[in-house]
Amino acid sequence: MKFDRKDLPVGTPVVGMVGGGQLARMTQEAAVALGVQLRVLAEGPAVSAAQAVADAPVGDYKDPETVRRFAAECDVVTFDHEHVPTDLLHALEADGVQVRPGPDALVHAQDKAVMRARLDTFDAPAPAHQVVETPADVADFAKRVGGFPIILKTTRGGYDGKGVWFVDGPDDPQVATAFGSGVPILAEEKVDFVRELSAIVARSPHGQAVAYPIVESVQRDGICVEVTAPAPGLDPAKAAQAQQTALRIAGELGVVGVLAVEMFEARDGRLLVNELAMRPHNTGHWSIDGAVTSQFENHLRAVLDLPLGSPAARAPYTVMVNVLGGDVADMHRGLLHCLARDPGLKVHFYGKSVKPGRKVGHVTAYGDDLEETRSRARHAADYLTGTIDE
């Protein structure tokens, strides 16, 4: 059925989300409960969100006319990803469109060099860093931070480990690969860290903000594979520090919606900001089943300037494990076993075909005992991918 605003109940807000991935798909569930009409600008007719959102137009998010036409149907525009060109977002604002987060905030999630420079202005804790233009700059930076190894990152466009290179020396071929990417390069010190943490907050236009429990995330080959909420054994003072850092960043940058601040817990005790994302985030998927208000619902509440919901956890521990594609094409064949074995388990599939290493879903378990909860979630993910068969 073709979308027509006149067919909606009086007062129904229309939120447009650019991008049709799993984040938009999971936002739809929260939108339905709130009576919000979610519109999605999808990359193709069968992408993840287009399977769940009626009449999702297909178009190029880089094309001004396509995005303008889409935005004209919406009360507010938000994002499934950060890749819409910044100048296009400024043009939308000039047209009178409510863009949330706005381009002046979102650019800090789009461009790592811009992000680092802005965070430096209010002393947000971060690894040592420098924009580098030549291999000689790389060598000079390494000398400044105590030597190799260091990390090189594309300032724009990288995700899930793409656009990140670990460099062991000045003659490492990764240096040439990085500079051959055609994107400005950021050099960062390689942090000796104990683990990776994530601080997720939501902020509304009038400044109300809430902070979720700090979580521990486990990365493999640049992809998040497991999240535990709250981060086990994290000192309460450090947890509060991480939340306060994320809330300050959200306020300083004028973020509207969900902000995820990925951090390193360094071996020397520092908490260092690694990456920013201004949208619902993989490290917040646990909140669908494990928090009073999910990150997806709070994102919608924030962009519509509605009062934010409680981010409190429902159970002492929640563990989310991503289901990554492997050798088994039929993920659904494992549901009978997993759901019968663990009635408290929650399974979320994204409507994606299986490809090795691809995020095709996630499972969530929650409970009073950390190890038991973690074991339940891992077992389900392993069974669905065919890693185990019992």
Kindly say whether L308 contributes a backbone atom to a donor-acceptor pair with the side chain of Q208 at under 3.5 angstrom? yes
For the residue pair D120 and H129, establish whether any side-chain heavy-atom pair is separated by less than 4.5 Å.
yes
Sorted by chain and residue number, the side chain to side chain contact (heavy atoms under 4.5 Å, CB included) partners of R220 (sequence neighbours excluded) come out as V225
inquiry  = Is the terminal nitrogen or CZ of R333 (NZ for Lys, CZ for Arg) located under 6.0 angstrom from the six-membered ring centre of Y383 and within 45° of that ring's axis?
reply    = yes
Show your working on side-chain contact (heavy atoms from CB on, under 4.5 Å) between Q98 and D305 and close with a plain yes or no. CA-CA 11 Å; Q98 292 191 89; D305 207 8; over 6 Å; no
Should we say atom CD of E29 is surrounded by more than 12 heavy atoms from elsewhere, each under 6.0 Å from it? no
Pairwise side-chain contact, E43 with D60, heavy-atom cut-off 4.5 Å (strictly under): no
* Using the side-chain contact (heavy atoms from CB on, under 4.5 Å) rule, take V175 and W165 through it: C-alpha gap first, then chi angles, then the decisive distance, then the call. => CA-CA 8 Å; V175 175; W165 298 273; over 6 Å; no
_Less than 4.5 Å apart, side chain to side chain, heavy atoms only: is that true for F166 and P149?_
no
When every non-hydrogen atom of G21 is compared with those of S48, the smallest separation belongs to C-CB, 3.7 Å
Are the side chains of F148 and D172 in contact, using a 4.5 Å heavy-atom criterion?
no
dist T283:OG1 -> L197:CG (nearest 0.5 Å) comes out at 10.0 Å
| query | Does atom CD of E133 have more than 12 heavy-atom neighbours from other groups under 6.0 Å away? | reply | no
When rounded to the nearest 0.5 Å, the distance separating CD1 of I214 from OG1 of T228 is 13.5 Å
### Message
With no hydrogens and no angle check, just 3.5 Å: does a side-chain donor-acceptor pair link T121 and R118?
### Response
yes
Taking every heavy atom of V58 against every heavy atom of G44, the minimum-distance pair comes out as CG2-C, 3.6 Å
To the nearest 0.5 Å, atom CE of M263 lies from atom OG of S217 at 11.5 Å
ILVMFWY cluster, V77 and L106 together (side-chain gap under 4.5 Å):
yes
Flag yes if more than 12 heavy atoms outside K346 fall under 6.0 Å of its NZ atom; otherwise flag no.
-> no
Heavy-atom closest pair (A187 atom, L152 atom, distance to 0.1 Å) is CB-CD2, 3.7 Å
Side-chain (R203) to main-chain (G257) donor-acceptor, under 3.5 angstrom: no
Shortest non-hydrogen pair, A49 vs A24, comes out as CB-CB, 3.6 Å
Enclosure of D327 CG (heavy-atom neighbours >12, cutoff 6.0 Å): no
#### Entry: Residues E188, K112: salt bridge by 4.0 Å N-O rule
no
Note to self: Determine whether a donor-acceptor pair (N or O, by modelled atom type, separation under 3.5 Å) exists between the side chain of R116 and the backbone of D111.
What the structure shows: no
Check your understanding: Does the D4 side chain pair with the main chain of K6, one donor and one acceptor, at a distance under 3.5 Å?
Key -> yes
Ignoring hydrogens and angles, state whether a donor on the side chain of D342 or H379 is under 3.5 Å from an acceptor on the partner side chain. no
Separation between CE (M320) and OG (S287), nearest 0.5 Å, reads 9.5 Å
Check your understanding: Between H299 and T78, do the side chains contain an N or O donor and an N or O acceptor separated by less than 3.5 Å?
Key -> yes
Hey, any chance V15 and L34 share a hydrophobic cluster, counting ILVMFWY side chains that come within less than 4.5 Å of each other, even indirectly? yes
- Would a distance-only check, ignoring hydrogens and angles, find a side-chain to backbone donor-acceptor pair under 3.5 Å from D382 to I388? no
**R358 side chain to G325 backbone, donor-acceptor under 3.5 Å** = no
**Request:** For V14 and L8, run side-chain contact (heavy atoms from CB on, under 4.5 Å): C-alpha distance rounded to whole Å, both residues' side-chain angles, the deciding distance at 0.1 Å, then the answer.
**Result:** CA-CA 10 Å; V14 179; L8 300 177; 3.8 Å; yes
Do side-chain atoms of H108 reach the backbone of A105 as a donor and acceptor pair under 3.5 angstrom?
yes
Result for side chain to side chain contact (heavy atoms under 4.5 Å, CB included) between V363 and one of V319, D289, N322, L345 points to L345
All heavy atoms of P13 vs all of D75, minimum pair found to be CA-OD2, 3.4 Å
Using modelled atom types and a 3.5 Å cut-off, is there a donor and acceptor pairing between side-chain atoms of E189 and backbone atoms of A128? yes
- prompt: Counting only heavy atoms not in K190, do more than 12 fall under 6.0 Å of its NZ?
  reply: no
Do the side chains of H281 and V258 get nearer than 4.5 Å, heavy atoms only?
no
Looking at V321, is its backbone amide N or carbonyl O close enough to the side chain of E226 to form a donor-acceptor pair, meaning the two atoms are under 3.5 Å apart? no
Q. Between N298 and Q295, is there a donor-acceptor pair closer than 3.5 Å when you use the side chain of the first and the backbone of the second?
A. no
The reported gap from CZ in F79 to CE in M17 (rounded to nearest 0.5 angstrom) is 9.5 Å
* To do: Could you state whether L253 and V84 fall into the same hydrophobic cluster, counting links through intermediate Ile, Leu, Val, Met, Phe, Trp or Tyr residues with side-chain heavy atoms under 4.5 angstrom apart?
  => yes
Applying the 4.5 Å side-chain criterion to the ILVMFWY set and letting contacts propagate, would V18 and L88 be lumped into a single cluster?
yes
Report task. Answer yes when D369 and R374 have at least one side-chain N-carboxylate O distance shorter than 4.0 Å, and no when they do not. Result -> no
Q) Side chains of H90 and D104: does their closest heavy-atom pair fall under 4.5 Å? A) yes
Checklist entry - Do F3 and Q37 have side-chain heavy atoms sitting under 4.5 Å apart? => result yes
Min side-chain heavy-atom separation V227-H285 under 4.5 Å: no
Closest non-hydrogen contact found for V261 with A246 is CG2-CB, 3.8 Å
Exercise. Under 3.5 Å, is there a donor-acceptor pair linking the side chains of T12 and R5?
Worked result: no
Quiz item: Any Lys/Arg nitrogen of D63 or R69 sitting under 4.0 Å from an Asp/Glu carboxylate oxygen of the other?
Solution: no
I'd like to know whether R279 forms a side-chain contact (heavy atoms from CB on, under 4.5 Å) with L259, so could you lay out the CA-CA distance, the side-chain angles of the two residues, the decisive distance to 0.1 Å, and finally the verdict. CA-CA 6 Å; R279 51 171 170 76; L259 168 71; over 6 Å; no
To the nearest 0.5 Å, atom CG of N282 lies from atom CD1 of I223 at 9.5 Å
- Item | ILVMFWY cluster, F179 and V167 together (side-chain gap under 4.5 Å) | yes
Would you call the rings of Y212 and W286 parallel, tilted or perpendicular, where under 30° means parallel and over 60° means perpendicular? perpendicular
